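Nothing fancy with the numbering, it's 1 onward along the sequence. Given the structure is predicted, the values throughout are model-derived calculations rather than measurements.
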Amino acid sequence: MYQALFVDDDRFLVQNMSRILDWQEYGFEKPLTACSVIEAMQILKEQKIDLLITDIEMPGKTGFDLTDYVLDNYPDITCCLLTGYARFDYAHKAVKLHAFDYLLKPLQKDDLAALLLKFRSQFEKTKHPQEKYSQLVEQTIAYVRENLKEPISRETITNVLHVSEGHISHLFKKETGVSLPEYITDMRVEKAKALLADSNASVAEICEQIGYNYQAYFTKIFKEKTGVPPLQYRKDHRKR
């Protein structure tokens, strides 16, 4: 079930929001409500909100201020603006703020129902590709961890997973926060650290087990990542 937050300084409208229609019929919990931007910000800190519906004209901070705040702090929340005035400058600013929809007051039941249906349709379409992307990243991580001994590159991964190099590179960085080559290096260094601490394998043998052909290059990378060369790391972390 989705959760909406309705914000308007008209207390009568706020009190009647849950009775305008059957929210559960549209996949929503009973809406949370606020009568000011400050009150709405507090709710946003405490509750997980999927859809924000906010009036524009309110004393003090406006619905534009609230939408701007949500964009900066809760980018996953979908925002809809509500106004009693059909003004071009309002509509223009709503577009600039990437508002999902722009509704006129008095708010009609059919307009609200259409908004909720539109939100569900868009959200579920977005959720489905996101699940596919997450699965692709998980497959990439599994492949890297299982094949550290082999030469691994974006090309080998794309051939195995049947995706383009550009796509997997962009997606991996977006989902994990690190580039794919950096992740591969980090996993190799982590594996080397474990082998240095837990086994009697020589540095040359460890290089072979984590996919490096040149010991000098491995030593350089290892020192960059850990601050010490491999043998010093073994001396400091050897398990008795």
*asked:* Using side-chain heavy atoms (C-beta onward) and a distance below 4.5 Å, is Leu107 in contact with Phe6?
replied: yes
*salt_bridge(Asp50, Lys48) N-O dist < 4.0 Å*: yes
_Within the structure provided, determine whether Phe172 and Glu182 are in side-chain contact (heavy-atom separation under 4.5 Å)._
no
*With hydrophobic residues grouped by side-chain heavy-atom distances under 4.5 Å, do Ile157 and Leu171 end up in a single group?*
yes
*Can you label the angle between the Tyr2 ring and the Phe123 ring as parallel, tilted or perpendicular, going by 30° and 60°?*
perpendicular
*Val37 and Met58, any side-chain heavy atoms less than 4.5 Å apart*: yes
_Note: Lys105-Asp10 ion pair, threshold 4.0 Å (strictly below)_ = no
_Ser36 vs Asp9 side-chain heavy atoms within contact, under 4.5 Å_ = no
*Are Ser121 and Lys125 side-chain neighbours, meaning at least one heavy-atom pair lies under 4.5 Å?*
yes
*Taking the side chain as C-beta and beyond, is there a heavy-atom pair between Leu82 and Ile56 under 4.5 Å?*
no
*Under 3.5 Å donor-acceptor, Asn16 side chain and Phe12 backbone*: yes
*Does Thr140 use its side chain to pair, donor to acceptor, with the backbone of Leu136 at less than 3.5 Å?*
yes
*Please work out which of the three classes, parallel, tilted or perpendicular, describes the rings of Phe218 and Phe222, given edges at 30° and 60°.*
tilted
*Linking I/L/V/M/F/W/Y whenever any side-chain heavy atoms sit under 4.5 Å apart, do Tyr212 and Val228 land together?*
yes
*Candidate pair Leu44 and Tyr74, rule side chain to side chain contact (heavy atoms under 4.5 Å, CB included), full reasoning*: CA-CA 8 Å; Leu44 288 166; Tyr74 306 97; 3.9 Å; yes
*Does a donor on one side chain and an acceptor on the other come within less than 3.5 Å for Glu57 and Thr62?*
no
_I'd like to know whether CD of Gln139 has more than 12 heavy-atom contacts from other residues, nucleotides or ligands below 6.0 angstrom._
yes
*Report yes or no: does Asn73 contribute a side-chain atom to a donor-acceptor pair with the main-chain N or O of Tyr69 at less than 3.5 Å?*
yes
*If we only count heavy atoms from C-beta on, is the Leu21 to Leu112 side-chain gap below 4.5 Å?*
yes
_Leu196 and His237: CA distance, side-chain angles, deciding distance, side chain to side chain contact (heavy atoms under 4.5 Å, CB included) verdict_ = CA-CA 8 Å; Leu196 287 165; His237 296 82; over 6 Å; no
*Does the ring center of Phe119 lie less than 6.0 Å from the ring center of Phe28?*
yes
*Verify the distance criterion only: is there a donor paired with an acceptor across the side chains of Gln47 and Gln42 at less than 3.5 Å?*
no
*Should Leu51 and Leu5 count as side-chain neighbours, where that means a heavy-atom distance under 4.5 Å?*
no
*Validate the cation-pi geometry between Arg120 and Tyr26: distance from NZ or CZ to the six-membered ring centre under 6.0 Å, angle to the ring axis within 45°.*
no
*Starting at CZ of Arg11, measure out to OG1 of Thr33 and round the result to the nearest 0.5 Å.*
9.5 Å
*Going by an N to O cut-off under 4.0 Å, is there a salt bridge joining Lys193 and Glu190?*
yes
